[in-house]
Amino acid sequence: MALTAENYQAQLLELLPPGSVWSRDLDTDLAKLFLAKADELARVDARGDQLIEEADPRTTSEMLSDWERVAGLPDECMDLAPTPEERRQRLHQKLAWQGGQSVAFFINLLEVLGYSGCSITEFRPFRANSKCNAALNQGGWRYAWRINVPGSVVIRTMNATSPCNAPIRRWGDSPLACILARYRPAHTVLYISYGAAA
């Protein structure tokens with residue numbers, strides 16, 4: 001807790017040498033001068049307390065853009081968040097995120113990103129305990145997996161004003177695909193199924 005100007009004034013008055021010449025009465029001109037000096041000392045003390053708040057990315061305000069620059073935000077996957085609170089939340093997620101490769105990790109990641117009710121489908125090769133009608137060789141599907149994202153899908157259709165190299169139709173969520181591509185295991189192939197039931 002920061003000290004007040006009156007606290008600093010009292011400390012300055014206590015530093016005076018002993019004797020009747022150096023009165024510690026608050027009505028003297030010297031005490032008023034010390035109060036003026038104490039205002040600045042209290043302001044500097046309060047700024048020191050604010051610096052502690054700025055050292056934590058969850059509570060920073062003045063140094064938020066510096067924290068984002070150090071953390072590499074905004075990045076290629078997500079634009080700058082509209083509010084300072086959302087910016088602090090993204091910053092904290094970026095700095096505290098540990099990563100992982102389990103199904104639970106990716107379901108949790110999707111929950112944090114606001115995609116609830118998602119599921120993951122893993123494609124496994126034929127094994128001794130597989131069902132009799134399972135395919136023997138799944139080829140490229142051996143390391144493939146799919147994230148099923150429920151809900152509506154944004155569909156963009158080519159029109160007369162679209163560039164000539166634009167696809168006729170495209171859908172999906174580019175920031176979500178970018179983040180999942182960043183965190184997926186490197187040897188795997190990830191598919192995203194939009195609008196699928198969980």
Side-chain angles (χ1 to χ4, degrees), residues 54 56-126 130-131 133-198:
E54 295 297 322
D56 187 347
R58 295 169 294 182
T59 57
T60 185
S61 57
E62 291 180 41
M63 295 181 63
L64 181 58
S65 58
D66 292 322
W67 271 106
E68 288 174 330
R69 179 184 49 79
V70 169
L73 290 174
D75 59 11
E76 66 276 1
C77 292
M78 301 188 84
D79 295 332
L80 190 65
T83 66
E85 187 56 42
E86 290 175 340
R87 289 172 62 192
R88 280 190 286 273
Q89 183 180 4
R90 281 189 191 169
L91 174 64
H92 180 257
Q93 287 171 351
K94 175 101 181 219
L95 294 175
W97 201 255
Q98 296 293 317
Q101 295 184 356
S102 67
V103 171
F105 164 76
F106 282 98
I107 295 296
N108 183 38
L109 173 63
L110 291 164
E111 288 282 338
V112 168
L113 294 173
Y115 296 91
S116 57
C118 296
S119 64
I120 293 179
T121 304
E122 296 180 81
F123 302 100
R124 302 201 180 271
F126 187 86
S130 295
K131 292 184 178 181
N133 59 354
L136 291 176
N137 184 5
Q138 295 183 10
W141 289 96
R142 180 178 182 118
Y143 298 108
W145 57 294
R146 180 180 65 218
I147 291 184
N148 306 304
V149 180
S152 61
V153 180
V154 176
I155 299 174
R156 295 171 201 88
T157 306
M158 182 181 186
N159 59 31
T161 60
S162 298
C164 61
N165 60 351
I168 293 174
R169 186 175 243 195
R170 61 191 166 120
W171 56 89
D173 187 342
S174 298
L176 174 65
C178 179
I179 290 171
L180 290 173
R182 177 187 297 162
Y183 288 109
R184 72 172 174 78
H187 68 285
T188 64
V189 179
L190 171 63
Y191 295 97
I192 303 173
S193 177
Y194 295 100

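Residues take their numbers from the sequence shown, with the count starting at 1.
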* Structure fact -> Shortest non-hydrogen pair, L109 vs I179, comes out as CD2-CG2, 4.3 Å
* By side chain to side chain donor-acceptor pair (under 3.5 Å) - contacts of D56 (at least two apart) -> R58
* Not counting sequence neighbours, which residues clear side-chain contact (heavy atoms from CB on, under 4.5 Å) with V70? List them please. => none
* Residues in side chain to side chain donor-acceptor pair (under 3.5 Å) contact with T161, at least two apart in sequence or another chain -> N159
* Atom pair CG/CD1 of L110 and I192 - distance to nearest 0.5 Å -> 8.5 Å
* Asked: Which heavy-atom pair separates M78 from P175 by the least distance, and what is that distance?
  -> CG-CB, 4.5 Å
* Who passes salt bridge (Lys or Arg N to Asp or Glu O under 4.0 Å) against R87, sequence neighbours left out? -> E68
* **Over all atoms of both residues, closest heavy-atom pair of P150 and S116** => CG-O, 3.7 Å
* Should the ring pair F105 and W97 be called parallel, tilted or perpendicular, given that the plane angle runs from 0 to 90° and is split at 30 and 60? -> tilted
* Structure fact -> Sequence neighbours excluded, the answer for side chain to side chain donor-acceptor pair (under 3.5 Å) partners of S174 is none
* **CG-CZ distance between D79 and R90, expressed to the nearest 0.5 angstrom** => 7.5 Å
* **Residues in side chain to side chain donor-acceptor pair (under 3.5 Å) contact with R182, at least two apart in sequence or another chain** => D75, E76
* Qualifying salt bridge (charged side-chain N to carboxylate O under 4.0 Å, His left out) pairs, either residue in residues 110-122, two or more places apart -> E122-R124
* Is any side-chain heavy atom of R69 closer than 4.5 Å to a side-chain heavy atom of D66? -> yes
* To do: Could you pull out all residues at least two apart from Q101 that satisfy side-chain contact (heavy atoms from CB on, under 4.5 Å)?
  => P185
* For residues 61-112, pull every pair meeting disulfide bond (SG atoms under 2.5 Å apart), keeping only residues two or more places apart or in separate chains. => C77-C178
* **Shortest non-hydrogen separation from I107 to C118 and the atoms involved** => CD1-O, 3.4 Å
* Looking at residues at least two apart in the chain, or sitting in another chain, which of them share a side-chain contact (heavy atoms from CB on, under 4.5 Å) with E86? -> A81, P82, T83
* **Contact summary for L64 and P84, nearest pair of heavy atoms** => CD2-O, 4.1 Å
* Asked: By ring-ring contact (aromatic ring centres under 6.0 Å, His included), which residues pair with W145, not counting sequence neighbours?
  -> F106
* Structure fact -> Residues passing the side-chain contact (heavy atoms from CB on, under 4.5 Å) test with A181, sequence neighbours excluded, are none
* State whether the side chain of E62 and the backbone N or O of E54 hold a donor-acceptor pair below 3.5 Å, judged by distance alone. => no
* Asked: So do the side chains of N148 and S119 get within less than 4.5 Å of each other, counting heavy atoms only?
  -> yes
